[in-house]
Protein chains: 2
Amino acid sequence: MTKLRDVAKLAKVSTATVSRVLSNAGNVTEKTRRKVLAAMEDLNYQPNFLGRQLRKMETKTILVVVPDIANTFFSKVLRGIESVANKNGYQVLMGDSQNKSENESEYLNHLRYKQVDGVILLTARTTPHLVEELSDSYPIVLACEYLEGSNIPTVSIDNISSARKITSHLIKLGHHRIAHIAGPKNVILGRDRLKGFEQALAQNNLEIDQILIQEGDFTYESGYRLMKKLLALQNPPTAVFAANDEMAIGAIKAIKHCQLSVPEDIAVVGFDDIQMASIFEPELTTVAQPTFEIGSTAMALLLSLMKKEKLNMKQFVLEEQMIVRESCGAKSNVIDSS
Amino acid sequence: MTKLRDVAKLAKVSTATVSRVLSNAGNVTEKTRRKVLAAMEDLNYQPNFLGRQLRKMETKTILVVVPDIANTFFSKVLRGIESVANKNGYQVLMGDSQNKSENESEYLNHLRYKQVDGVILLTARTTPHLVEELSDSYPIVLACEYLEGSNIPTVSIDNISSARKITSHLIKLGHHRIAHIAGPKNVILGRDRLKGFEQALAQNNLEIDQILIQEGDFTYESGYRLMKKLLALQNPPTAVFAANDEMAIGAIKAIKHCQLSVPEDIAVVGFDDIQMASIFEPELTTVAQPTFEIGSTAMALLLSLMKKEKLNMKQFVLEEQMIVRESCGAKSNVIDSS
DNA sequence: TTTAAAAAAGAAATCGATTACATTTTTGAA
DNA sequence: TTCAAAAATGTAATCGATTTCTTTTTTAAA
């Protein structure tokens, strides 16, 4: 490994001068600059980042912690993050927490150890306490999920109101007995979407039947399993709101396996608008989050944080959009009523 | 930031002793050890990795470069990598090259700059030259893809033979006019699967009609678009082999949109066995790669490389498995003939 | 030509931990 | 008790680049 000092020696200048050439800092004659560049070329010199990072105490790298890389929803958020990061000279690294809070905390240590300059959490299952504590000293942004009653910079949509809207949509279509395949109770998204679901029922004076609320874990399998359970009820639901698209697809699959059809026998709606939502049959009615924008906003926020800028706004709630497709039966309804 | 020196001062020992306690190096009395640990506790000391890394010239981190995180196939390989990595005290970071070779090269620079100890490439679109060159000096393992005529450590399946097998399967089912929606020509996987396809035709004395070979880019959209093109032919194919599941699903969708059905009118098979392959309707006949094992083997290989162990075997070809489901029509055939 | 200001270049400290080597302390056999 | 070997601890160099502080050189106005 040739190092800066070797370049300096060959070019017959000091290490300081080489460093100045390296960082384009100015105050270097064109003549010396050429001499140094030639020496670098000669020795095929590559600066060692560890040295630079140690001195500058920065890595120009940020870490994104994802709960589950297999979930394509997050990949779009990542694209948003990367687009802003790269424009600003930052590298993006990903860590997959695999839905385990231990892994999440593990990744957060990268901050303590100065391995990355900042972190965007697409999941906040770690003890809120830890995130709060770290957030005091290091740049952290939460995206998609958030921490209740916390002041940590956050970018997300209003999950409660979106869930309320899509549930109301089912109610408007004439359903009274609506089930909810919920997300995990320990995840804020799960709790919020449940809350929105319950609010919609309450607003329409519908009773909340606890047996119709089943807690899944955002996977296809749990959607399938819980739907089977709901179908086995004496009085099964006529509509189901699943807390994400994967579970919704699982639910539809379960319904089909019972020789029933969607939306004719049971209407199903999901949440997230993953790619499969528009490919699967029936096409899924769901809530589309502005994924790319969530990512880019989060990264912009993180940049401000890293620059220690004064923030006049730390929490962003972006607009979501309900996308009506086939699985809720609205379209066939429209045709019927026309 | 409290540093090692502060701990040493508080514990009234030398920095060397603190370092020894930190690394459990032994040669420290239990008494001093306690004193040091107490001081660390007191100051809430967290070692700075940059310092350690610079000195030891290692980061205990490896980087996995993925061509497209949105493709769930890779997430399973990643799980295999992580499982072995974590057992050996390595952190896994991911970089998404977004199918661009510039990004790929960019990520490879992490090696030069000593930001990671090793790299696993799940994509090798960069100029072979660059990878070859880096591979001389740094630990690099290729997984899934490989470089022709290269000696770089690699873990993959035999794409040519798998493609040949699944094409032969279609031929055995009675198809003579089989199309291939290929992967990109500049990706070895694309070329290999095409080669296998052609071999199968040749072995069965079927003519290769170039119009039936369409080059896609592994995305759903390209599968859809190219299938539409194939359907518009005067003499369309009766079966299609798509080089991956996403394109296969796109193709099926296109067929359905033309009021035709799969497999009755046209049989379709894919490659990879992503989760959607068994959820989508009709369920996809495809080739299942041992994803987890590819990942774990690649990581094990990388570990040996990083330890500079002598390798008696550098290239691994793992067993794949053809999974026959509905989309090829074999099952309905079986029922017919029974 | 002189001289003050500006620009260029160099010397050496620094970032934080590790470690080779040196020194001190402890151990235990003679 | 003595003393050599082993164990514990300390000192200071080191990893590679950046940066502060000086010193030297250049520039340009007087």
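Every heavy atom of this structure was used, including side-chain atoms; hydrogens, water molecules and symmetry mates were not. Keep in mind that what you see is a predicted model, and the values were worked out from it rather than measured.
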Original post:
Which pairs with one or both residues in residues 6-29 of chain B pass salt bridge (charged side-chain N to carboxylate O under 4.0 Å, His left out), sequence neighbours excluded?
Top reply: none
Original post:
Counting N and O atoms only, with roles assigned by atom type, does the side chain of A/Ser19 sit under 3.5 Å from a partner on the main chain of A/Thr15, one being a donor and the other an acceptor?
Top reply: no
Original post:
Which ones in residues 29-43 of chain A lie close to DNA chain D, meaning a heavy atom under 4.0 Å from one of its atoms?
Top reply: none
**OP:** Please work out if B/Asn27 contacts a base, only the sugar-phosphate, or nothing of the nucleic acid, heavy-atom cut-off 4.0 Å.
**Re:** base
**OP:** Would you work out how much the helix from C/dT1-D/dA30 to C/dA30-D/dT1 bends between its ends, with each end axis defined by five base pairs, to 10 degrees?
**Re:** 40°
Subject >> Which residues share a side chain to side chain contact (heavy atoms under 4.5 Å, CB included) with B/Ser304, sequence neighbours left out >> reply: B/Glu309, B/Leu311
Original post:
Of all residues at least two apart in sequence or in a different chain, which pass the side-chain hydrogen bond (donor to acceptor under 3.5 Å, both in side chains) check with B/Tyr138?
Top reply: none
Restricting to nitrogen or oxygen on both sides, can you table the protein-nucleotides 19-28 of chain C pairs closer than 3.5 Å?
none

Original post:
Which salt bridge (charged side-chain N to carboxylate O under 4.0 Å, His left out) pairs, counting each pair once, include a residue from residues 118-131 of chain B, with sequence neighbours left out?
Top reply: B/Arg125-B/Glu145
Original post:
How is A/Leu50 classified with respect to the nucleic acid when contacts are heavy atoms under 4.0 Å: base, sugar-phosphate, or nothing?
Top reply: nothing
**OP:** With heavy atoms under 4.0 Å as the rule, sort B/Val13 into base, sugar-phosphate or nothing.
**Re:** sugar-phosphate
Subject >> Whole-Å gap separating P (C/dT18) and NZ (B/Lys60) >> reply: 13 Å
Subject >> Given DNA chain D, 5'-ward residue of the pair B/Gly51 and A/Leu22, judged by closest heavy atom >> reply: B/Gly51
Subject >> Minimal non-hydrogen separation, B/Ser135 against B/Ile152, with atom names >> reply: OG-CG1, 3.7 Å
Original post:
Reading DNA chain D 5' to 3', which nucleotide is the first, and which the last, to come under 4.0 Å of any heavy atom in chain B?
Top reply: D/dA8 to D/dG16
Under 3.5 Å donor-acceptor pairs involving side-chain atoms of residues 73-81 of chain B, not counting sequence neighbours:
residue: B/Ser75; atom: OG; partner: B/Thr72; partner atom: O; Å: 2.5
residue: B/Arg79; atom: NE; partner: A/Asp96; partner atom: OD2; Å: 3.2
residue: B/Arg79; atom: NH2; partner: A/Asp68; partner atom: OD1; Å: 3.1
residue: B/Arg79; atom: NH2; partner: A/Asp96; partner atom: OD2; Å: 3.0

**OP:** May I ask you to test the B/Leu121-B/Val141 pair for a side-chain heavy-atom distance under 4.5 Å?
**Re:** no
**OP:** Output yes when a side-chain donor or acceptor of A/Ser150 lies under 3.5 Å from a complementary backbone atom of A/Tyr146, and no otherwise.
**Re:** no
**OP:** Could you name each residue pair satisfying salt bridge (charged side-chain N to carboxylate O under 4.0 Å, His left out) that touches residues 34-58 of chain B, not counting sequence neighbours?
**Re:** B/Glu30-B/Arg34
**OP:** Could you tell me whether the side chain of A/Thr59 and the main chain of A/Asp117 form a donor-acceptor pair under 3.5 Å?
**Re:** yes
**OP:** Not counting sequence neighbours, which residues clear salt bridge (charged side-chain N to carboxylate O under 4.0 Å, His left out) with A/Glu293? List them please.
**Re:** none
Subject >> Qualifying salt bridge (charged side-chain N to carboxylate O under 4.0 Å, His left out) pairs with a residue from residues 97-107 of chain A, counting only residues at least two apart or across chains >> reply: none
